[in-house]
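Remember, it's 1-based here, ligands and their atoms both numbered in the order they're listed. Counting begins at 1 with the first residue of the sequence. From a predicted model like this one, the values you see are computed outputs, not experimental measurements.
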Amino acid sequence: MNGAAPEPAPRRRGVAPRDDVALMEGYYSPQIDVDVRLNTNEAPESPPAAFLEELSGGIAGIAFNRYPDREAVALRSAVAELHGVGVESVYCANGSNEVLQSLLLAYGGPGRAVALFEPTYALHSHIARVTGTDVLAGRRDTDYLIEEGELERVIAEGERTHGGANPVLTFICSPNNPTGRVEPTALIERALRRAPGLVVVDEAYGQFAPSSALELGAVDNLVVVRTFSKTWSLAALRLGYAIAAPEVVEALFAVTLPYHLDALKQLAGRLALSYGDDMAGRVERLVAERRRLVAALGGLAVEVCPSDANFVLFRPTAKDAKQVWGELVDRSILVRDISTVPHLEGFLRVTIGAAAENDAFLAALRASLA
Ligand SMILES: *Cc1c(COP(=O)(O)O)cnc(C)c1O
């Protein structure tokens with residue numbers, strides 16, 4: 001305003017992020033302000049009121065001036081009890097995404113490779129790349145399951161290109177996000193026998209499925225990853241865990257920052273696990289809602305993929321998916337647009353919500369397709 005010459009812009013330092021990191025796009029799902037949010041597979045209900053009360057009461061007992069239990073023994077013991085394993089087989093972190101990151105920090109890295117089967121959860125390959133790990137991407141078959149021949153092909157490729165211990169991790173998302181089906185136990189067993197490294201079964205939706213890799217018991221190269229974000233109505237808490245051999249848990253701790261789990265989270269996670277019956281009831285209701293939604297979609301001009309999770313993948317057959325997505329937003333309903341993801345062209349993914357939300361979604365979809 002006073003006519004003085006503007007200050008010269010501060011000189012940028014000559015430092016830039018690693019080339020491969022600069023090229024990456026972060027994981028991102030647009031959060032639009034709508035009435036009905038069915039885009040991120042969260043639970044539709046809040047956690048039980050009694051849990052929230054118990055948690056409020058417990059907060060006063062936390063020694064906030066002290067660092068939390070570094071090994072989160074009480075929380076890990078509660079998870080261990082839930083799954084009938086020893087505490088030394090449980091690793092907890094800030095969301096199952098951080099569990100995946102710890103796995104890649106401990107076992108991945110330059111010169112190493114992981115296997116996965118597309119289309120699948122984007123964070124597996126994303127975190128692999130962030131940690132400088134090579135990604136060997138196999139394909140799912142037309143039903144979006146993993147064929148034994150393809151499993152063999154990708155593992156053999158890892159051994160050939162990166163040496164016999166590779167792929168160091170083989171990721172199997174089951175039920176697979178975003179397609180929805182659980183992998184047959186025989187396929188998981190085949191992977192456990194064949195893979196030279198660890199087989200990481202991401203069971204973020206395990207509670208909604210008829211089978212789980214946890215039923216296989218302790219297998220030394222099996223890592224099952226779960227989360228509090230979906231079934232346990234605690235996406236805001238950021239808590240997930242792995243059940244794995246004690247040596248694996250030790251390796252994960254070795255790459256984890258000290259005191260990574262705050263005391264409040266440790267308390268909340270431990271308390272939540274005492275509401276197992278309540279959670280089982282919620283899962284039952286969501287599975288019943290999923291059946292109802294899939295049946296209703298059957299009467300519309302959409303192709304529907306079978307689902308063992310709390311979401312359903314569908315493809316409008318007579319109208320452009322992006323247009324349908326936009327018309328749902330116009331009616332204040334947000335679903336996930338994955339219509340440009342390779343091999344999923346034209347598909348949308350809807351999270352199973354509460355009955356009224358699912359009704360609102362169905363009504364809006366009917367109107368859009370009419
Ligand atoms: C939602 C999701 C997760 C992530 O969960 P957080 O525990 O919230 O980090 C992990 N894996 C899959 C397949 C998911 O869909």
Subject >> E284, CD atom: more than 12 neighbouring heavy atoms under 6.0 Å >> reply: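 Open: at most 12 neighbouring heavy atoms sit under 6.0 Å from CD of E284.
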Subject >> More than 12 heavy atoms of other groups within 6.0 Å of E81 CD >> reply: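 For E81, atom CD is not crowded (no more than 12 foreign heavy atoms under 6.0 Å).
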Original post:
Under a 4.0 Å heavy-atom cut-off, which residues neighbour ligand 1?
Top reply: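 Residues within 4.0 Å of ligand 1: G95, S96, N97, Y121, C173, N177, D202, A204, Y205, T227, S229, K230, R238.
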**OP:** Step through it carefully: locate the ring centre of F314, locate the ring centre of F347, and say whether they are under 6.0 Å apart.
**Re:**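 Not close enough - the centres of the two rings lie 6.0 Å or further apart.
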Original post:
Using 4.0 Å as the upper bound for N to carboxylate O, is an ion pair formed by R292 and E289?
Top reply: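 Salt bridge: yes.
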Original post:
Out of H260, K265, R238, which one pairs with N94 under the side-chain hydrogen bond (donor to acceptor under 3.5 Å, both in side chains) rule?
Top reply: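 The option that passes is K265.
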**OP:** Name all residues meeting the salt bridge (charged side-chain N to carboxylate O under 4.0 Å, His left out) criterion together with E250; count only those two or more places apart in sequence or in a different chain, and write none if there are none.
**Re:**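 Checked E250 against salt bridge (charged side-chain N to carboxylate O under 4.0 Å, His left out); zero matches.
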